[in-house]
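In what follows, every chain begins at residue 1, and chains take the letters A, B, ... in the order their sequences are listed.
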Amino acid sequence: MESKDEIVKTIPRTFYERDTVKVARDLLGKKLIRTIGKQTISGIITETEAYRYSDDPASHAYRGLTSRNRAMFEQVGKAYVYFTYGMYFCFNVVARNQNFAAGAVLIRGLKPEKGIDIMKKNRGIDKIANLTNGPAKLTQALRITKKQYGVDLAKKSELFLMDGIDRKKIFASKRIGIKNGLHKLWNFKISI
DNA sequence: ATGCAGATTGACT
DNA sequence: GTCAATCTGCATA
């Protein structure tokens with residue numbers, strides 16, 4: 001029997017084969033793990049946003065398949081990373097049920113757990129509260145770039161997800177930084 | 001302390 | 001042409 005710390009249980013593929021909105025809610029409290037060589041960086045997911053398909057004008061997949069959003073149409077449980085604002089990356093988890101051809105959950109916030117010193121270095125700042133409290137901040141802290149496009153998060157690798165903590169209250173609100181589809185309350189948060 | 005303008009780049013319509 | 005997140009610096013009260 002391995003020691004308890006060595007047992008890493010990832011989240012099964014079936015978890016991601018459900019309505020994108022449901023997966024977004026259920027991703028709250030899960031752990032995101034990033035391994036770079038011997039180093040491990042991890043955090044608890046505290047904020048997510050669901051982006052669906054042709055019913056969702058704010059989604060990258062709204063107008064169909066392109067080379068950028070390709071991952072949203074491919075296997076669930078993989079990473080969709082895109083470049084934004086000329087200097088940042090955003091990290092999404094592909095998730096959808098049979099009714100949709102595409103869908104992904106944007107991870108907007110984490111609570112830092114392991115590797116906080118590495119995150120500080122990656123971000124060039126010292127204040128823990130500002131390390132991963134934004135979609136482009138967390139990709140910087142975990143060094144997620146286009147290189148991680150399509151990485152399988154359901155398998156233990158350089159980047160994956162596993163079960164985390166019990167969630168208390170979940171707050172639903174409008175999604176941030178978009179112009180269309182604002183009536184949908186598909187932004188989910190927890191406070192830890 | 002709070003808040004707002006400016007800068008930055010690539011994908012898509 | 002439009003649209004995305006974050007940091008910085010400068011103004012305000």
Open item on the list: For a quick check of understanding: with a heavy-atom distance under 4.0 Å over all strands, which category does A/R123 fall into, base, sugar-phosphate or nothing?
Closed with: sugar-phosphate
Open item on the list: Once you apply a heavy-atom cut-off of 4.0 Å, does A/F83 come out as touching a base, just sugar-phosphate, or nothing?
Closed with: sugar-phosphate
Would you kindly give the [atom1]-to-[atom2] distance between [X] and [N], to the nearest whole Å?
X	N	atom1	atom2	result
A/I125	C/dA5	CD1	C1'	14 Å
A/F89	B/dT9	CZ	P	13 Å
A/H60	C/dT2	NE2	P	18 Å
A/L110	C/dA5	CG	C1'	15 Å
A/E49	C/dA5	CD	C1'	12 Å
A/N187	C/dA5	CG	P	11 Å
A/Y62	C/dT2	OH	P	19 Å
A/M72	B/dA11	CE	P	17 Å

- [ ] May I ask you to check whether A/F91 and A/Y82 place their ring centers less than 6.0 Å from one another?
- [x] no
Task: 5' precedence on DNA chain B between A/N69 and A/T84 (nearest-nucleotide basis) - done: A/T84
Open item on the list: Here's a test of your reading of the structure: between A/K146 and A/M87, which maps to the more 5' nucleotide of DNA chain B?
Closed with: A/M87
Task: A/K120 atom NZ, over 12 foreign heavy atoms within 6.0 Å - done: yes
TODO: Name the residue closer to the 5' end of DNA chain C, choosing between A/Y82 and A/N130 according to the nucleotide with the nearest heavy atom.
DONE: A/Y82
Open item on the list: Donor-acceptor pair, distance only, cut-off 3.5 Å: does the side chain of A/S42 make one with the backbone of A/K114?
Closed with: yes
Open item on the list: For a quick check under 3.5 Å, do A/E47 and A/N187 share a side-chain donor-acceptor pair by atom type?
Closed with: yes
- [ ] Would you mind checking if A/R18 and A/D26 are paired as a salt bridge, meaning a charged N to carboxylate O distance below 4.0 Å?
- [x] yes
TODO: Output yes when at least one side-chain N/O atom of A/T66 is less than 4.0 Å from OP1 or OP2 of B/dC12, else no.
DONE: yes
- [ ] Output yes when at least one side-chain N/O atom of A/K137 is less than 4.0 Å from OP1 or OP2 of C/dC7, else no.
- [x] yes
- [ ] Taking only the side-chain heavy atoms of A/K179 (C-beta and beyond), determine which of B/dA11, C/dC3, C/dA5 contains the nearest atom.
- [x] C/dC3
